[in-house]
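Order of listing sets the numbers, starting from 1, for every ligand and every atom in it. Numbers here are sequence positions counted from 1.
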Amino acid sequence: MTVKLDDVEVLSDVSATGKERPWRDKKGRTMKMAEAFQLAGLEGKAARMASCGNVLIFNVMELGYHLALAQFCQVRLCPMCTWRRSLKIANQNRQIVELANERQKLRWIFLTLTIRNVEGKELKQTIDHMMKSWDRFRGYKSVQNAVVGWFRGLEITRNTKVKSKSFGTYHPHFHVLIAVRPSFFTHGYIKQSEWADMWQKALQVDYTPITHVEVVKARRTKKNLMEIATEVQNAISEQKAIFEVSKYPVKDDDIIKDFNSKDTPEVVRTLDTALNRKRLIAYGGILKDIKKELGLSDVEGDSADLVHIDESKDDVAEEVEKVTAYWHYGLKEYVISR
Ligand SMILES: [Zn+2]
């Protein structure tokens with residue numbers, strides 16, 4: 001029997017801001033990634049990934065659908081799980097940053113700490129080395145004096161430009177969101193070159209690693225009409241920094257873009273080995289304390305809840321209408337059954 005698209009209802013999950021949530025795109029990418037895992041000889045994970053998010057059960061709420069039940073595979077490189085995890089980290093970070101801002105006057109700094117590109121065979125040990133280097137870095141006196149809280153995430157990109165000299169190499173780097181007191185800008189200020197010098201010392205390398213520093217625009221507490229526009233802009237700038245820092249951890253484009261390449265199985269094995277069961281995000285100082293206080297869950301464990309993104313909202317779901325969407329392998333669409 002063939003199914004015509006006209007005969008079925010396709011999932012449309014629109015957020016409160018009017019944006020279609022990218023379920024179909026993510027599931028499509030996950031199916032491709034599962035194929036890549038299969039080619040890499042990682043059959044178990046390929047199978048888990050292929051069934052990731054096959055069935056989605058939503059509560060129908062006034063403001064749209066809320067995911068109520070689904071099975072996610074938790075494989076580090078799964079595009080579906082990466083999307084869910086990044087959303088959840090961003091959501092937790094937003095709550096943490098908001099509460100921190102409520103409690104004391106803070107300024108936020110967005111730091112990117114890098115290391116020279118490495119070959120695949122060096123990736124795992126390079127990541128371990130970076131983790132240790134971060135611990136040295138945050139222990140330095142001037143860092144300790146300036147930083148009252150931090151969030152650190154790891155991102156890995158891969159050079160996929162065939163003509164580039166460093167084609168195929170990996171670029172692991174840290175995105176760090178740092179909270180400082182406003183007085184940081186007048187007492188104990190750390191310049192870009194000083195951040196870079198300290199990161200070089202922590203990394204124990206003989207070159208200056210590329211280090212970006214960006215001060216997130218300040219939010220104001222006092223508001224008049226003229227200031228509201230600026231305030232909105234600055235809130236957006238803070239949101240952007242939070243999203244940037246919450247990315248987790250590999251763009252699937254870096255693997256899937258050259259899906260047909262002979263390198264793909266090796267790339268998959270390299271990244272899978274380097275990231276397997278590894279904790280890639282960490283909190284410190286007041287951000288760690290607030291995360292604990294808010295009771296925010298662990299996003300990286302094997303049993304991480306990737307269904308409920310916003311833990312501050314709890315659906316009372318008994319009486320609520322439900323909608324079930326199934327992934328249709330032939331149509332490559334989520335199909336609704338009521
Ligand atoms: Zn998954």
With Q71, which residues qualify under side-chain hydrogen bond (donor to acceptor under 3.5 Å, both in side chains), at least two apart?
none

Suppose we screen for side-chain hydrogen bond (donor to acceptor under 3.5 Å, both in side chains). Which residues come up paired with S166, at least two apart in sequence or across chains?
N159, S164

Ring of F184, cation from R107 - is the NZ or CZ under 6.0 Å from the centre and inside 45° of the axis?
no

State whether the side chain of E155 and the backbone N or O of K247 hold a donor-acceptor pair below 3.5 Å, judged by distance alone.
no

Listing residue and atom name, which protein N/O/S atoms are closer to the Zn ion (ligand 1) than 2.8 Å?
C52 SG, C73 SG, C78 SG, C81 SG

Check whether Y283 forms a cation-pi arrangement with R152 (NZ or CZ under 6.0 Å from the six-membered ring centre, at most 45° off the ring normal).
no

Set of residues satisfying side chain to side chain contact (heavy atoms under 4.5 Å, CB included) with respect to K292, sequence neighbours excluded:
none

